[in-house]
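Reviewing the structure listed below.
One-based numbering, in listed order, for ligands and for the atoms of each.
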Amino acid sequence: MNSILHQDLNDFENILEKAKQQGIDFLNNLENIPTSTTYKIDPKRSLNETGLGSVEALKEFNQRLAPLMVSSPGPRYWGFVTGGSTPASIAGDWLAAVYDQNPQGVNGQGGTAALIEFETINLLLQLLDLPDTFLGGFVTGATMSNFTSLGVARQWFGAQFGKDFAKNGISEKINILTATPHSSSVKSLSMLGIGSHNFTLVKTIEGNREAVDIQDLEKNIQALNGKPFILISSAGTVNTADFDDFNAISKLREKYKFWWHIDGAFGGFAAVSEKYKHLIEGWEGADSITIDCHKWLNVPYESAFYLINKEHINLQIETFQNSNAPYLGNALENFNYLNFLPENSRRLRALPVWFSLVAYGKEGFCDLIEKSTSLALHFGNALIEQDSFELLAPIRLNNVCFTLKGDHNQEKVSSFLTALNDRGNVFMTPTVYQNRKGIRASFVNWRTAENDIKIVIEEMKETLLDLEI
Ligand SMILES: *Cc1c(COP(=O)(O)O)cnc(C)c1O
């Protein structure tokens, strides 16, 4: 063993102790750490011939790299749709690194950590009140979950023509219908060789909605003359958290043949609260569902799962089977995750989720979801009270989509947001909604409280004054 590695091995406890203390210092100070930074490094450090050892590496990290860290797990990081790690999720994530398992098989040879993934998926089905007709697995994010689901949908489409696209490539035009797809679904179409332009945009419901217009959907289906298609539907659009009508889509299933995918990256968690459950009513009839855990479940990044109806298990294997590795055996008899999803090696992503679900239970997450939605309403009301802002859409769940009041202020929206974000006390993201420039604030973080809204409103007022808007 290399001598520096050996020295680190003997010093393991001290190294972890220091890393732990550093973590605690960061987390205890989140309120004061800015949400943006202009600090930069020249990322061209030359690699040292002799290693420094972990303790010295930590020192260098603190000097040069730590200032790059913004308060992304903090209470006023409202951009994108990001949660922040909870204590249980961090404990689970650290232990996932410590145990360093590759959850693949369940039959004993080489480990059975995949059973933890099975159990975690089962706990998630209970949290979301979904039946165990779904087989699920963990991937890095909702993008990969959409990719995985649509990959199996692509295989299903070929099977309708007696074709095996996974083996022989795509030989038919694949029909895709969708109203407000997330950019990651469109990207998945590109990665899957279907083509990012190859979908038909169905109308959304009239008025201030992003949900699919069911009549227009049916019109588009009829135009396909009985040909199969893939429907990409939304449980929570990013701008306005709108939901397609899943009961109505379920009815269409009785008449037409299609693969039904739901992107519920964050909106799927509506299922956890009796108040919002109606939004996802009927979703259990889908063929595949995407859900992110690094959003509303508040676990560290790189955590999402897909759910695919077990009736499609053979199509899923056809899509992802590692067919030429002899040690893998029959994919159905000898279950192994690497025959069911894109990656072969994965970390034990289920563990932070398992810890979170066991630590906080259904009630913990129900409270978190309801708290986030009430904070969104609270922020929306506080905005309306200011004369300078208007909502671009009603607040349906946890996202607030707004802009500077009046069309004459449209060209000032982006300079306002840049100035606000530069102050470092809140972070929101720019958006365009119904051809108007807007700003999006998303409430998902477990730490966010009423007082944060007060702070942000003050920040916004001062930014307006500074810019003389
Ligand atoms: C965030 C999000 C995605 C992409 O998720 P990643 O985890 O960033 O890959 C997809 N769909 C929806 C609706 C989202 O909100």
Please verify the inter-ring angle class for [X] with [Y]; under 30° counts as parallel, over 60° as perpendicular, anything in between as tilted.
{"X": "Phe379", "Y": "Phe443", "value": "tilted"}
{"X": "Phe118", "Y": "Tyr337", "value": "perpendicular"}
{"X": "Phe246", "Y": "Trp260", "value": "tilted"}

- Query: Salt-bridged, Lys255 to Glu218, with N to O below 4.0 Å?
  - Reply: yes

- Is it true that Glu390 and Lys405 make a salt bridge, defined as a side-chain N closer than 4.0 Å to a carboxylate O? no

Could you tabulate the donor-acceptor pairs under 3.5 Å formed by side-chain atoms of residues 191-200, not counting sequence neighbours?
| from | atom 1 | to | atom 2 | distance (Å) |
| --- | --- | --- | --- | --- |
| Asn198 | OD1 | Lys173 | NZ | 2.8 |
| Asn198 | ND2 | Ile174 | O | 3.4 |
| Asn198 | ND2 | Ile194 | O | 3.2 |

Show the short N or O contacts, below 3.5 Å, that ligand 1 makes with protein N or O atoms; if there are none, say 'none'.
| from | atom 1 | to | atom 2 | distance (Å) |
| --- | --- | --- | --- | --- |
| ligand 1 | 5 (O) | Asp292 | OD2 | 3.2 |
| ligand 1 | 7 (O) | Ala142 | N | 2.9 |
| ligand 1 | 7 (O) | Asp292 | OD1 | 3.2 |
| ligand 1 | 7 (O) | Asp292 | OD2 | 2.8 |
| ligand 1 | 7 (O) | His294 | NE2 | 2.8 |
| ligand 1 | 9 (O) | Ala142 | N | 3.3 |
| ligand 1 | 9 (O) | Thr143 | N | 2.8 |
| ligand 1 | 9 (O) | Thr143 | OG1 | 2.6 |
| ligand 1 | 11 (N) | His182 | ND1 | 3.4 |
| ligand 1 | 11 (N) | Asp263 | OD1 | 3.2 |
| ligand 1 | 11 (N) | Asp263 | OD2 | 2.6 |
| ligand 1 | 15 (O) | Lys295 | NZ | 2.8 |

